[in-house]
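Below is one structure, written out as structure tokens; comments come after it.
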Amino acid sequence: MSRSREEKRNRILQAAISVFARKGFFHAKVSEIAQEAGVADGTIYLYFQNKDHLLISIFEEKMDTIIRRFRAQIEPLDDAATKLHMFIRMHAELVI
């Protein structure tokens with residue numbers, strides 16, 4: 001994906017996060033997401049099949065970021081107990 005396509009996709013994802021947070025998933029409209037992202041309504045469908053797919057993509061991207069961060073912190077550690085302690089601490093920081 002070209003850099004400009006990736007940037008536009010990221011703008012759409014960020015706009016969706018904002019609109020979903022403000023209005024809730026079921027009340028959010030694709031047109032509102034498009035407006036906030038600064039794209040035409042139809043552009044959303046070039047990147048995502050529908051609003052459900054957009055929500056799933058947000059989850060996948062955020063989880064991928066979290067998993068990479070966890071791995072980066074845990075993999076260098078030597079023993080299992082230390083790794084488990086770090087995992088628990090990082091997990092707690094996410095949910096608290």
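Bear in mind the structure is a predicted one, so any value in this text is a computation, not a measurement.
Closest of all the heavy-atom pairs between Leu46 and Arg5 is O-NH2, 4.2 Å. Heavy-atom minimum distance, Leu77 versus Lys83: O-CE, 2.9 Å. Residue Tyr45 comes nearest to Asn50 through the heavy atom pair CE2-CA, 4.1 Å, listed as atom of the first residue, atom of the second, then distance. Looking at every heavy atom in both residues, Ile12 comes nearest to Ala37 through CA-CB, 3.9 Å.
Between the Lys51 side chain and the Ala28 main chain, a donor and an acceptor come within less than 3.5 Å of each other. The closest donor-acceptor contact from the side chain of Glu75 to the backbone of Ala72 lies at 3.5 Å or more, if one exists at all. For Lys8 (side chain) and Thr43 (main-chain N/O), no donor-acceptor pair under 3.5 Å exists by modelled atom type.
In this structure, Phe59 is a member of the same hydrophobic cluster as Leu94, with clusters built from ILVMFWY side-chain heavy atoms closer than 4.5 Å. Hydrophobic clustering places Ile17 together with Phe26 (ILVMFWY residues linked when any side-chain heavy atoms are closer than 4.5 Å, directly or through intermediates). Using a 4.5 Å cut-off between side-chain heavy atoms of Ile, Leu, Val, Met, Phe, Trp and Tyr, with links allowed through other members, Leu55 and Ile66 fall into different hydrophobic clusters.
With contacts defined as side-chain heavy-atom distances shorter than 4.5 Å, the pair Gln49/Leu54 does not qualify. Proximity of Lys29 to Lys23: side-chain heavy atoms (C-beta onward) are nowhere separated by under 4.5 Å. Side-chain contact between Arg9 and Ser57: present, with at least one pair of heavy atoms (C-beta onward) separated by less than 4.5 Å. Tyr47 is not listed as a side-chain neighbour of Leu13, based on a closest heavy-atom distance of 4.5 Å or more. Contact check for Ile33 versus Phe20: side-chain heavy atoms found under the 4.5 Å cut-off. Taking 4.5 Å as the limit, every side-chain heavy atom of Met86 sits out of range of all side-chain heavy atoms of Thr82. In this structure the side chain of His85 never reaches within 4.5 angstrom of the side chain of Ile74, judged on heavy atoms.
More than 12 heavy atoms of other residues, nucleotides or ligands lie within 6.0 Å of NE2 in His53, so this atom counts as buried by the packing criterion. With a 6.0 Å radius and a threshold of 12 heavy atoms from other residues, nucleotides or ligands, Gln35 has its CD atom at or below the threshold.
Under 4.0 Å is where a charged nitrogen must lie from a carboxylate oxygen, and between Arg89 and Glu93 at least one such pair does. Using a cut-off of 4.0 Å between Lys/Arg side-chain N and Asp/Glu carboxylate O, Asp64 and Arg68 are scored as salt-bridged.
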Discussion item. Go through it in stages, so that I can follow the logic: the residues are Glu6 and Arg11, the test is salt bridge (Lys or Arg N to Asp or Glu O under 4.0 Å), and I'd like the CA-CA distance, side-chain angles, deciding distance and then a yes or no.
Written reply: CA-CA 9 Å; Glu6 188 171 326; Arg11 276 200 338 261; over 6 Å; no
Discussion item. Show, in sequence, the C-alpha distance, side-chain angles and deciding distance for Glu36 and Gln14, and conclude whether the side-chain contact (heavy atoms from CB on, under 4.5 Å) test is met.
Written reply: CA-CA 9 Å; Glu36 186 147 334; Gln14 291 304 314; over 6 Å; no
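For the 3.5 Å distance criterion, the side chains of Ser18 and Arg22 qualify, holding a donor opposite an acceptor.
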